[in-house]
Protein chains: 2
Amino acid sequence: MPRRSYDQYCGLARALDVLGERWTLLVVRNLLLGPQRYSELLRGLPGITTNLLAKRLKEMEAEGLVERAADESYRLTPLGASLEPAIHALGRWGWRRMGKPTRRDRRNLDWLMVALRRRYRGGATLTATVEADGSPYHMVLRGDRAEIGRGAAPASDIRVTGTPDAIARLFLDTLPDVGTPPVVSVDGDESLLGTLVQAFSRGDDEPEERRHVRAG
Amino acid sequence: MPRRSYDQYCGLARALDVLGERWTLLVVRNLLLGPQRYSELLRGLPGITTNLLAKRLKEMEAEGLVERAADESYRLTPLGASLEPAIHALGRWGWRRMGKPTRRDRRNLDWLMVALRRRYRGGATLTATVEADGSPYHMVLRGDRAEIGRGAAPASDIRVTGTPDAIARLFLDTLPDVGTPPVVSVDGDESLLGTLVQAFSRGDDEPEERRHVRAG
DNA sequence: CAGGATCCGCCGCGATACTG
DNA sequence: CAGTATCGCGGCGGATCCTG
């Protein structure tokens with residue numbers, strides 16, 4: 001039973017044959033931060049339904065994008081992980097035309113962390129653990145490489161804890177109440193907080209209008 | 001009547017809200033080489049139906065991706081053209097896992113030319129006109145910039161003519177009958193043909209080795 | 001003939017209920 | 001927890017039909 005295809009000898013069309021169905025790239029996005037179980041994926045992809053997630057995971061497994069780990073969780077194969085540049089290119093385009101979140105928009109630190117993988121400017125060296133609502137992330141910066149994923153870092157130079165909103169506002173200036181500083185608590189070397197935030201300051205995914213104003 | 005949205009405050013999800021519908025990115029791909037009229041787009045996107053193309057073009061115009069030129073043709077806006085990096089990232093991923101064309105695959109020099117925009121390795125300086133079946137393309141290489149689009153170059157250093165298959169085989173080694181050299185006719189400085197082809201030699205979109213696709 | 005619009009049938013998708 | 005089963009709707013594909 002062949003899947004629907006564009007039947008075009010073109011790299012883009014071939015990629016879309018595999019990735020173009022609804023939710024597929026968002027599943028890859030969520031798995032970029034580490035393996036997840038079915039129920040975790042279901043929670044991390046608000047709006048998807050259980051039948052569709054099951055169908056997508058089967059298709060993606062058949063295409064070699066994901067595989068089952070020993071503990072039954074789903075993880076990206078090297079082929080699936082090699083989609084990260086494409087996800088970042090699309091994400092950069094999307095972020096550039098994104099304003100404040102609407103009331104309908106769901107927010108999630110996973111998606112912010114994926115964006116931060118892309119936005120890392122390099123030049124920092126530190127190991128951080130960032131945690132909100134009991135869900136920690138590790139952020140290991142070493143020169144021009146940033147390794148970001150779920151789970152605390154084994155040995156952090158700095159540990160930042162706060163509400164998801166506060167953590168998000170630490171790195172994004174497109175969120176409401178930007179005037180007031182986000183309230184987070186910091187353990188470890190507090191002087192590294194500035195380094196951490198600066199390392200992900202907004203660059204080429206600035207919104208269009210500001211770019212043009214500043215470009216003058 | 002709002003379009004279907006993932007309602008996620010995430011750059012990728014926002015991008016897919018706009019680009020995720022079927023055919024949208026392929027329309028952008030075809031317009032990267034220059035403006036086209038409705039009937040030209042219809043011919044250049046085999047498989048799309050007239051109603052769907054009309055619908056997509058309206059949506060894309062509403063989203064600011066395309067606009068109508070003075071001669072009624074459709075062309076990319078700066079926002080639409082800014083999708084080129086994302087299209088190249090997806091295209092590179094698709095080309096890497098693409099083998100020989102199947103019997104169902106349609107082939108088209110437009111799609112090859114878009115791939116060549118991405119594959120340009122830099123370091124060449126020449127102006128070429130490549131033509132097949134009466135449809136010319138200009139390829140203007142200046143150092144690290146390659147400008148490729150529909151229409152002949154006003155003053156070409158070299159002019160290459162042949163069947164679409166011969167032109168394609170000039171740049172691709174994944175096509176059948178690779179053993180025999182493609183038959184093209186060259187006008188102008190024939191010594192530039194090697195430079196032209198080498199400038200687009202396959203690099204990081206090489207196909208994956210078989211180890212990833214191990215059939216049981 | 002270019003540039004669409006209209007109609008119809010199917011299937012991908014979304015929502016809910018159910019099962020091992 | 002990890003999926004299946006069922007059902008209704010809307011997006012999509014195919015063909016046809018207008019309109020300058």
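Reminder, nothing fancy here: chain letters follow the sequence lines and each chain counts from 1. The analysis underlying the following values was restricted to heavy atoms, covering all of them including side chains, and did not include hydrogens, waters or symmetry mates.
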Should B:Arg97 and A:Val18 count as side-chain neighbours, where that means a heavy-atom distance under 4.5 Å?
yes
Within residues 54-76 of chain A, find the residues that approach DNA chain C with a heavy atom at under 4.0 Å, and present them sorted by residue number.
A:Arg56
So that I know where these two stand, are B:Tyr6 and A:Trp111 an aromatic pair - ring centroids less than 6.0 Å apart?
no
Can a side chain N or O of A:Trp23 be found less than 4.0 Å away from OP1 or OP2 on C:dG14?
yes
Between B:Arg4 (CZ) and C:dA15 (C1'), how many Å, whole number?
14 Å
Under 3.5 Å, is there a donor-acceptor pair linking the side chains of A:Thr174 and B:Tyr9?
yes
Return a table of donor-acceptor pairs under 3.5 angstrom between the side chains of residues 132-141 of chain B and protein atoms on other chains or two or more places apart.
from	atom 1	to	atom 2	distance (Å)
B:Tyr137	OH	B:Asp110	N	3.3
B:Tyr137	OH	B:Asp110	OD1	2.5
B:His138	ND1	B:Gly149	O	3.3
B:His138	ND1	B:Arg150	O	3.3
B:His138	ND1	B:Gly151	O	3.0
B:His138	NE2	B:Gly149	N	3.4

Between residues 29-40 of chain B and DNA chain C, which residues have a heavy-atom gap below 4.0 Å?
B:Arg37, B:Tyr38, B:Ser39
Nearest-angstrom distance from the residue atom CG of B:Leu42 to C1' of D:dG13:
13 Å
Mind calculating the distance between CG (A:Asp17) and P (C:dG12) to the nearest angstrom?
14 Å
Rounded to the nearest angstrom, tell me the gap between atom CG in B:Leu53 and atom P in C:dA2.
14 Å
Rounded to whole angstroms, how far apart are CG on A:Leu45 and P on C:dG14?
12 Å
Quick one: sort the B:Phe200 and B:Tyr120 rings into parallel, tilted or perpendicular, breaks at 30° and 60°.
tilted
How are the rings of A:Tyr74 and A:Tyr38 set to each other: parallel, tilted or perpendicular (split at 30° and 60°)?
tilted
Decide yes or no, distance alone: a donor-acceptor N/O pair under 3.5 angstrom between the base of D:dG14 and the side-chain of B:Asn51.
yes
Should A:Arg22 be listed as having a side-chain N or O under 4.0 Å from OP1 or OP2 of C:dG14?
yes
B:Arg68, CZ atom: more than 12 neighbouring heavy atoms under 6.0 Å
yes
Using modelled atom types only, decide if a donor and an acceptor are shared between the side chain of A:Asp157 and the backbone of A:Leu126 within a distance under 3.5 Å.
no
Measure the distance from CG on A:Leu52 to C1' on C:dT16 and round it to the nearest whole Å.
14 Å
Any donor and acceptor pair, going by atom type alone, linking the side chain of A:Thr77 with main-chain N or O of A:Leu65 inside 3.5 Å?
yes
For the pair made of CD1 in A:Ile48 and P in C:dT16, what is the distance, rounded to whole Å?
15 Å
